[in-house]
Amino acid sequence: MEVTIGQFAKLVGSTVRTLRYYDKMGLLSPKKLNKNGRKVYTRLDWELFQQILILKHLGLSLNEIKEQLADQKINNRELLLVHRQLIEKKQAELNEKLDVINRMERLYNIEGISEEDLNEFAFIMLDLFRREKSQIQALEEHFKSDKQLMKEIKSLHDPKYKEKMDRETWNLIQAIKNATQYDNSTSRKKVRETLNKMDEMFPASGNFLSLINDDNFFAKYNQEFNNYFPEDIATHITKELETYYDDKEKSKGKEKNRKKEGN
C-alpha cells in the first residue's frame with residue numbers, strides 16, 4: 001500500500017491538516033517517497049496510526065503517545081493498568097460532581113422551598129457540597145485521637161444523613177437571612193429551632209465551633225474551609241452558633257447544679 005496524504009486521510013477518517021501536524025511533531029512521519037519525491041503512506045504507517053488512535057482513546061496526550069511509541073517506557077499491560085487508574089480517578093471525580101448536582105436538585109424538588117429563594121443562595125449550597133469531602137477528611141485528620149468524636153464524624157458519610165442535613169442547612173441559611181433582614185422574635189426563634197434540629201442530628205457540631213478561632217487549623221486547612229459566604233450571613237451564622245452553644249453549656253451547668261442540690 002502506497003497512498004498520498006489526501007488518500008490516507010480518507011482511508012483512516014482523519015484530515016490532511018491533522019496528518020501534517022503529526023508529521024511535523026514526529027509522531028507519524030512517512031519514510032517512503034514516491035517518484036515525485038513526495039511522502040507516501042504505507043501499511044506500516046496505517047498500523048502506527050491505529051496505535052495512535054488506541055492510545056488517544058485511553059487518554060494519552062500526543063506527546064505521551066510519541067514518547068510511548070518511541071521508547072516503550074512501559075509495556076502495554078502496565079500502560080493499561082496506569083490508564084485504568086487514571087480513568088477510575090476521573091470517574092470518581094465525575095461521580096462526586098454528579099452527587100453535588102443531585103443534592104441541589106433534591107432541594108429544588110422539596111415542596112415548600114421557593115425556587116426563587118434557592119436560586120439566591122444556590123452557589124452557597126453548591127460550594128458547601130463540593131467542599132464537603134475534603135472538609136470531612138480534614139476533621140478526621142484533626143480529631144483522629146478522639147474515638148468518640150470520630151464515630152460521630154463517620155455519620156457525615158451517610159447519604160441519608162446528608163439529605164436531612166442539606167435541608168436543615170438550607171433552612172438555617174434562610175432563617176439567618178430573615179434574621180439579618182428583620183431582626184424580630186419570629187426570625188430569631190426560627191434560627192434557634194433550626195440549630196436545635198441540627199444539633200440533635202449532629203451533636204459534635206459544638207466541638208467544631210472551637211476551630212473557628214484556631215489559627216493553626218485554618219493555616220493548615222484554609223483551602224478546605226474557605227467557603228463562599230456573603231460576609232453578613234457568615235458573621236451572623238458564627239454569632240448564632242456561638243450563642244447557641246454557649247447557652248447550651250450554661251444550661252448543662254445549671255442542670256448539674258440542680259442535681260447536686262437535689263442530692
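Note that the structure is a prediction, hence the values are computed from the model and not measured.
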Do [X] and [Y] come close enough that some side-chain heavy atom pair is under 4.5 Å?
X      : Y      : result
Leu53  : His57  : no
Lys190 : Thr194 : yes
Phe202 : Leu156 : yes
Tyr21  : Leu62  : yes
Met198 : Lys164 : no
Leu69  : Ile52  : yes
Leu48  : Leu44  : no

Distance-minimising heavy-atom pair for [X] and [Y]:
X      : Y      : value
Glu64  : Gly59  : OE1-O, 4.4 Å
Phe129 : Met104 : CE1-N, 3.9 Å
Ile153 : Ile136 : CG2-CG2, 4.1 Å

Open item on the list: Can you confirm whether more than 12 heavy atoms, excluding those of Arg84, are under 6.0 Å from its CZ atom?
Closed with: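 Result for CZ/Arg84: open.
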Rounded at 0.5 Å granularity, tell me how far [atom1] in [X] sits from [atom2] in [Y].
X      : Y      : atom1 : atom2 : value
Phe217 : Ile212 : CZ    : CD1   : 11.0 Å
Leu128 : Ile173 : CG    : CD1   : 6.0 Å
Gln50  : Leu55  : CD    : CG    : 11.5 Å
His142 : Asn207 : NE2   : CG    : 10.0 Å
Glu168 : Lys197 : CD    : NZ    : 5.0 Å

Between side-chain atoms of residues 25-35 and protein atoms elsewhere (two or more places apart, or another chain), which donor-acceptor pairs fall under 3.5 Å?
residue, atom, partner, partner atom, Å
Ser29, OG, Asp23, O, 3.1
Ser29, OG, Asp23, OD1, 2.8
Lys31, NZ, Ser29, O, 2.9
Lys32, NZ, Glu2, OE2, 2.5
Asn34, OD1, Asn36, N, 3.0
Asn34, OD1, Gly37, N, 3.1
Asn34, OD1, Arg38, N, 2.8

Open item on the list: Please evaluate residues Glu140 and His157 with respect to the criterion side-chain contact (heavy atoms from CB on, under 4.5 Å), reporting the C-alpha separation (whole Å), side-chain torsions for both, the decisive distance (0.1 Å), and the verdict.
Closed with: CA-CA 12 Å; Glu140 288 174 333; His157 296 283; 3.0 Å; yes
Open item on the list: For Glu193 and Asn171, which I'm curious about, is there any donor-acceptor pair between the side chains at under 3.5 Å?
Closed with: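 Asn171 and Glu193 do not have a side-chain donor-acceptor pair below 3.5 Å.
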Give me the ring orientation class for [X] and [Y]: parallel if the planes are under 30° apart, tilted from 30 to 60°, perpendicular past 60°.
X      : Y      : value
Phe123 : Tyr228 : perpendicular
Phe8   : Phe49  : perpendicular
Tyr221 : Phe225 : perpendicular

- [ ] Run the salt-bridge test on Lys97 and Glu93 with the 4.0 Å N-O cut-off and return the result as yes or no.
- [x]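 Between Glu93 and Lys97 there is no salt bridge, as every charged N stays at least 4.0 Å from the carboxylate O atoms.
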Partners of [X] by side chain to side chain contact (heavy atoms under 4.5 Å, CB included), sequence neighbours excluded?
X      : answer
Glu116 : Ser114
Gln148 : Asp146, Lys151, Glu152
Ser251 : none
Thr4   : Gln7

Task: Verify same cluster id: Ile113, Ile101 (apolar side-chain graph, 4.5 Å) - done: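 No, Ile113 does not connect to Ile101 through the hydrophobic network.
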Open item on the list: Could you see if Tyr161 belongs to whatever hydrophobic cluster contains Leu149? Use Ile, Leu, Val, Met, Phe, Trp, Tyr and a side-chain cutoff under 4.5 Å.
Closed with: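 Tyr161 and Leu149: one cluster.
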Task: Set of side chain to side chain donor-acceptor pair (under 3.5 Å) partners for Tyr108, sequence neighbours left out - done: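 Residues passing side chain to side chain donor-acceptor pair (under 3.5 Å) with Tyr108: Asn119.
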Open item on the list: Test of understanding: with side chain to side chain donor-acceptor pair (under 3.5 Å), list the residues that count as partners of Asn216, not counting sequence neighbours.
Closed with: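 Applying side chain to side chain donor-acceptor pair (under 3.5 Å) to Asn216 gives none.
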Would you mind writing out the side-chain donor-acceptor pairs for residues 9-19 within the sub-3.5 Å range, not counting sequence neighbours?
residue, atom, partner, partner atom, Å
Thr15, OG1, Thr18, N, 3.0
Thr15, OG1, Thr18, OG1, 2.8

For residues 175-182, run the donor-acceptor check on the side chains, cut-off 3.5 Å, and write out each pair with its distance to 0.1 Å, sequence neighbours left out.
residue, atom, partner, partner atom, Å
Lys177, NZ, Glu120, OE1, 3.0
Asn178, ND2, Gln174, O, 3.3
Thr180, OG1, Ile176, O, 3.2
Thr180, OG1, Lys177, O, 2.7

TODO: Kindly determine whether Ile5 and Lys39 satisfy side-chain contact (heavy atoms from CB on, under 4.5 Å), including the steps that lead there.
DONE: CA-CA 8 Å; Ile5 188 171; Lys39 292 181 178 180; over 6 Å; no
Open item on the list: Between Arg167 (side chain only) and Leu107 (backbone N and O only), is there a donor and an acceptor less than 3.5 Å apart?
Closed with: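 It does not hold such a pair.
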- [ ] Could you tell me whether the side chain of Asn109 and the main chain of Glu105 form a donor-acceptor pair under 3.5 Å?
- [x]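 Checking the backbone N and O of Glu105 against the side chain of Asn109, a donor-acceptor pair under 3.5 Å is found.
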Task: side-chain contact (heavy atoms from CB on, under 4.5 Å) evaluation trace for Leu241 with Thr238 - done: CA-CA 5 Å; Leu241 284 170; Thr238 302; 5.8 Å; no
Open item on the list: Listing request: all salt bridge (charged side-chain N to carboxylate O under 4.0 Å, His left out) pairs with a residue in residues 231-253, at least two apart in sequence or in separate chains.
Closed with: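 Listed once each, the pairs are Arg192-Asp247, Asp199-Lys248, Asp246-Lys250, Glu249-Lys252.
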Open item on the list: With salt bridge (charged side-chain N to carboxylate O under 4.0 Å, His left out) as the rule and sequence neighbours excluded, what pairs involving residues 125-139 come up?
Closed with: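 The answer is Glu96-Lys133, Arg103-Glu132, Asp127-Arg130, Asp127-Arg131, Glu132-Lys162.
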Task: Listed partners of Lys220 passing salt bridge (Lys or Arg N to Asp or Glu O under 4.0 Å), at least two apart - done: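 Scan of Lys220 (salt bridge (Lys or Arg N to Asp or Glu O under 4.0 Å), adjacent residues dropped) gives Glu141.
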